[in-house]
Amino acid sequence: QVQLVESGGGLQQAGGSLRLSCAASGRTFSSYAMGWFRQAPGKEREFVAAISRSALSTSYAAFVKGRFTISRDNAKNTGYLQMNSLKPEDTAVYYCAVVRRDYGSTSRPSEYDYWGQGTQVTVSS
């Protein structure tokens, strides 16, 4: 079992920045690739970004490229999502998730093994 707790969400103006954190406990965090997803009211959960267990590879949804950066610190059992140039359409509940895999990552929510409870991000215009 891996427990994930997100933090860092809140209210931000358009153009501002937020950094989300995902603290992991339980099994060895470094054994898992990590992803960030988001879900806006009335919409499906969608992929935002993912990072491999070693942090050697990352992937992003097209709508966040150049604005968001995913990272991790395995020594601290924590993952991050730095969000810059926020837009009102980034408003959603953001979730981190982990999947046990030796290399790479995945954008498919169904492949992830453990999920956090989510943190609300609201961007005002």
Side-chain angles (χ1 to χ4, degrees):
Q1 286 273 345
V2 177
Q3 293 78 43
L4 302 172
V5 179
E6 301 97 335
S7 61
L11 176 64
Q12 183 60 269
Q13 289 187 331
S17 298
L18 285 172
R19 188 172 87 151
L20 305 184
S21 297
C22 175
S25 61
R27 298 280 179 90
T28 306
F29 179 61
S30 60
S31 298
Y32 294 83
M34 184 188 74
W36 285 95
F37 296 80
R38 70 186 188 185
Q39 188 166 19
K43 294 190 176 182
E44 299 272 324
R45 188 170 297 190
E46 63 181 355
F47 170 73
V48 176
I51 187 168
S52 63
R53 55 183 286 189
S54 62
L56 290 179
S57 70
T58 58
S59 61
Y60 295 90
F63 56 78
V64 302
K65 271 187 179 177
R67 300 190 298 125
F68 292 8
T69 303
I70 189 171
S71 63
R72 65 190 296 160
D73 185 339
N74 287 340
K76 294 183 178 179
N77 291 334
T78 303
Y80 305 97
L81 184 68
Q82 177 67 44
M83 306 188 295
N84 299 329
S85 302
L86 284 164
K87 303 176 181 180
E89 51 264 43
D90 293 321
T91 296
V93 177
Y94 284 71
Y95 300 88
C96 67
V98 295
V99 54
R100 182 95 184 228
R101 56 194 295 156
D102 293 331
Y103 57 90
S105 59
T106 176
S107 61
R108 297 190 180 100
S110 60
E111 296 190 15
Y112 282 79
D113 299 315
Y114 302 101
W115 291 80
Q117 82 291 347
T119 185
Q120 176 70 47
V121 171
T122 302
V123 183
S124 63
S125 56

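Note that the coordinates shown come from a computational prediction; the quantities given were computed from them, not determined experimentally.
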Asks: I need the Thr119 OG1 to Leu18 CG distance, nearest 0.5 Å.
Replies: 9.0 Å
Asks: For Ser105 versus Ser52, what's the shortest heavy-atom pair and its separation?
Replies: CB-N, 4.3 Å
Asks: Scan for side chain to side chain donor-acceptor pair (under 3.5 Å) pairs involving residues 89-99, sequence neighbours excluded, and state none if there are none.
Replies: Arg38-Asp90, Arg38-Tyr94, Arg67-Asp90
Asks: If you round to the nearest 0.5 Å, how far is OG of Ser125 from NZ of Lys87?
Replies: 14.0 Å
Asks: With a 4.5 Å limit on heavy-atom distance, are the side chains of Thr106 and Phe47 in contact?
Replies: no
Asks: If hydrophobic residues (ILVMFWY) are linked whenever their side-chain heavy atoms come closer than 4.5 Å, directly or via other members, who joins Tyr103 in its cluster?
Replies: none
Asks: Do you know the tightest heavy-atom contact between Ala97 and Leu4?
Replies: CA-CD1, 3.8 Å
Asks: Work out which heavy atom in Thr78 is nearest to a heavy atom in Ala23; give both atom names and the distance.
Replies: OG1-CA, 4.2 Å
Asks: Could you list who else is in Leu11's hydrophobic cluster, with ILVMFWY side chains joined at under 4.5 Å, directly or through other members?
Replies: none
Asks: Does any non-hydrogen side-chain atom of Val2 lie less than 4.5 Å from one of Phe29?
Replies: no
Asks: What pair of heavy atoms forms the shortest contact from Ala55 to Arg72, and how long is it?
Replies: CB-CG, 4.0 Å
Asks: If the condition is side-chain hydrogen bond (donor to acceptor under 3.5 Å, both in side chains), which residues does Thr122 pass it with, not counting sequence neighbours?
Replies: Gln120
Asks: Output all residues satisfying side-chain hydrogen bond (donor to acceptor under 3.5 Å, both in side chains) with Ser124, sequence neighbours left out; order by chain, then residue number.
Replies: none
Asks: Roughly how far, to the nearest 0.5 Å, is the OH atom of Tyr32 from the CG atom of Asn74?
Replies: 12.5 Å
Asks: Looking at every heavy atom in both Trp36 and Ser21, which two are closest together, and how far apart are they?
Replies: CH2-O, 3.7 Å
Asks: Give every residue pair that meets the salt bridge (charged side-chain N to carboxylate O under 4.0 Å, His left out) criterion with at least one member in residues 95-118, sequence neighbours excluded.
Replies: Arg53-Asp102, Arg101-Glu111, Arg108-Glu111
Asks: Among residues at least two apart in sequence or on other chains, which ones pass side-chain hydrogen bond (donor to acceptor under 3.5 Å, both in side chains) with Ser85?
Replies: none
Asks: Would you name the heavy atoms of Phe68 and Val48 that are closest together and state the gap between them?
Replies: CD2-CG1, 3.8 Å
Asks: Determine which pairs satisfy disulfide (SG to SG under 2.5 Å) with at least one residue from residues 45-85, sequence neighbours left out, and list them in order.
Replies: none
Asks: So, Trp115 versus Phe37, ring centres under 6.0 angstrom or not?
Replies: yes
Asks: So, taking the atom named CD in Glu46 and the one named OG in Ser107, what distance separates them when rounded to the nearest 0.5 Å?
Replies: 11.5 Å
Asks: Residues two or more places apart in sequence or in another chain: which of them pass side-chain contact (heavy atoms from CB on, under 4.5 Å) with Thr58?
Replies: Ile51, Tyr60, Ile70
Asks: Hydrophobic cluster membership, with links at side-chain heavy-atom distances under 4.5 Å among I/L/V/M/F/W/Y: are Val123 and Val64 in one?
Replies: yes
Asks: Taking only residues two or more places apart in sequence or in another chain, which ones pass side-chain hydrogen bond (donor to acceptor under 3.5 Å, both in side chains) with Asn84?
Replies: Ser17, Gln82
Asks: Enumerate the residue pairs fulfilling disulfide (SG to SG under 2.5 Å) with a member in residues 84-125, sequence neighbours excluded, ordered by first and then second residue.
Replies: Cys22-Cys96
Asks: What residues form a side-chain contact (heavy atoms from CB on, under 4.5 Å) with Thr28, not counting sequence neighbours?
Replies: Ser30, Ser31
Asks: Taking a hydrophobic cluster as the set of Ile, Leu, Val, Met, Phe, Trp and Tyr residues connected by side-chain heavy atoms closer than 4.5 Å, whether directly or through intermediates, do Phe63 and Leu81 fall within one such cluster?
Replies: yes
Asks: Going by heavy atoms in the side chains, are Leu20 and Glu6 under 4.5 Å from each other?
Replies: no
